[in-house]
Amino acid sequence: MPVKSVAAVHRLRLVSGPEGLSFILLLVCSVLKRTTSFNGVPVMGAVHGALFVLYVVFLVQAHQARRWEPKRTLVLFVLSVLPTGGFFAERMLAKEERGELDAPAPAATA
């Protein structure tokens, strides 16, 4: 696996866990905003928004570097918009980094 490819997957894996956690915390803050006087939504919204944008940028970079099939990239994107999905994405990406997943070979260029 080329270094650029490994780095792209590693970056995506590193941001997937915090992105998933920030989504859950944003949901908790949203409930607290409506049930108490605590309003952490502006702060957690900004944190989650920044992590989500990083996730999408790193997902596109990993897709290009690894030449993933669109289906794989779509699954990883859908996981980013589901509560706790980031944790499943992180596990999947960790397995790929360790070589436990059958990652398709890069397509030969003509």
- Task: Considering non-hydrogen atoms only, spot the tightest contact between A62 and L12 and give its length.
- Result: CB-CD2, 4.1 Å
- Message: Rounded to the nearest 0.5 Å, what separates atom OG in S16 from atom CD in E90?
- Response: 5.0 Å
- Message: Counting C-beta onward and ignoring hydrogens, is there a side-chain heavy-atom pair between T84 and F23 closer than 4.5 Å?
- Response: no
- Correct closest heavy-atom pair for E97 and V6 would be OE2-O, 4.2 Å
- Message: How close do S22 and H48 get, counting heavy atoms only, and between which atoms?
- Response: OG-ND1, 2.8 Å
- Query: Tell me, do R66 and E96 make a side-chain contact under 4.5 Å, heavy atoms counted?
  - Reply: yes
- Query: Do L54 and V81 sit in the same hydrophobic cluster, where Ile, Leu, Val, Met, Phe, Trp and Tyr count as joined when their side-chain heavy atoms come under 4.5 Å apart?
  - Reply: yes
- CZ on F38 to SG on C29, rounded to 0.5 Å: 5.0 Å
- Message: Would you compute the distance between atom CG of L14 and atom NE2 of H10 and round it to the nearest 0.5 angstrom?
- Response: 4.0 Å
- Task: Working to the nearest 0.5 Å, report the span between CG of L59 and CZ of F52.
- Result: 9.5 Å
- Item | Single-linkage hydrophobic cluster, 4.5 Å side-chain cutoff, V41 and V53 together | yes
- Contacts of R98 meeting side chain to side chain contact (heavy atoms under 4.5 Å, CB included) (sequence neighbours excluded), chain-then-number -> A94, K95, E100
- Item | Side-chain heavy-atom pair M92, L79 within 4.5 angstrom cut-off | yes
- Would you call F88 and V75 a side-chain contact if the rule is heavy atoms closer than 4.5 Å? no
- CG (L74) and NE2 (H63) are apart, to the nearest 0.5 Å, by 11.0 Å
- Task: Any chance you could measure K33, atom NZ, to M44, atom CE, to the nearest 0.5 Å?
- Result: 14.0 Å
- Message: Do F87 and I24 have side chains that approach each other closer than 4.5 Å (heavy atoms only, starting at C-beta)?
- Response: yes
- Item | Side chain proximity check, L76 to F58, heavy atoms < 4.5 angstrom | no
- Check whether any side-chain heavy atom of Y55 lies under 4.5 Å from a side-chain heavy atom of L51, and answer yes or no. no
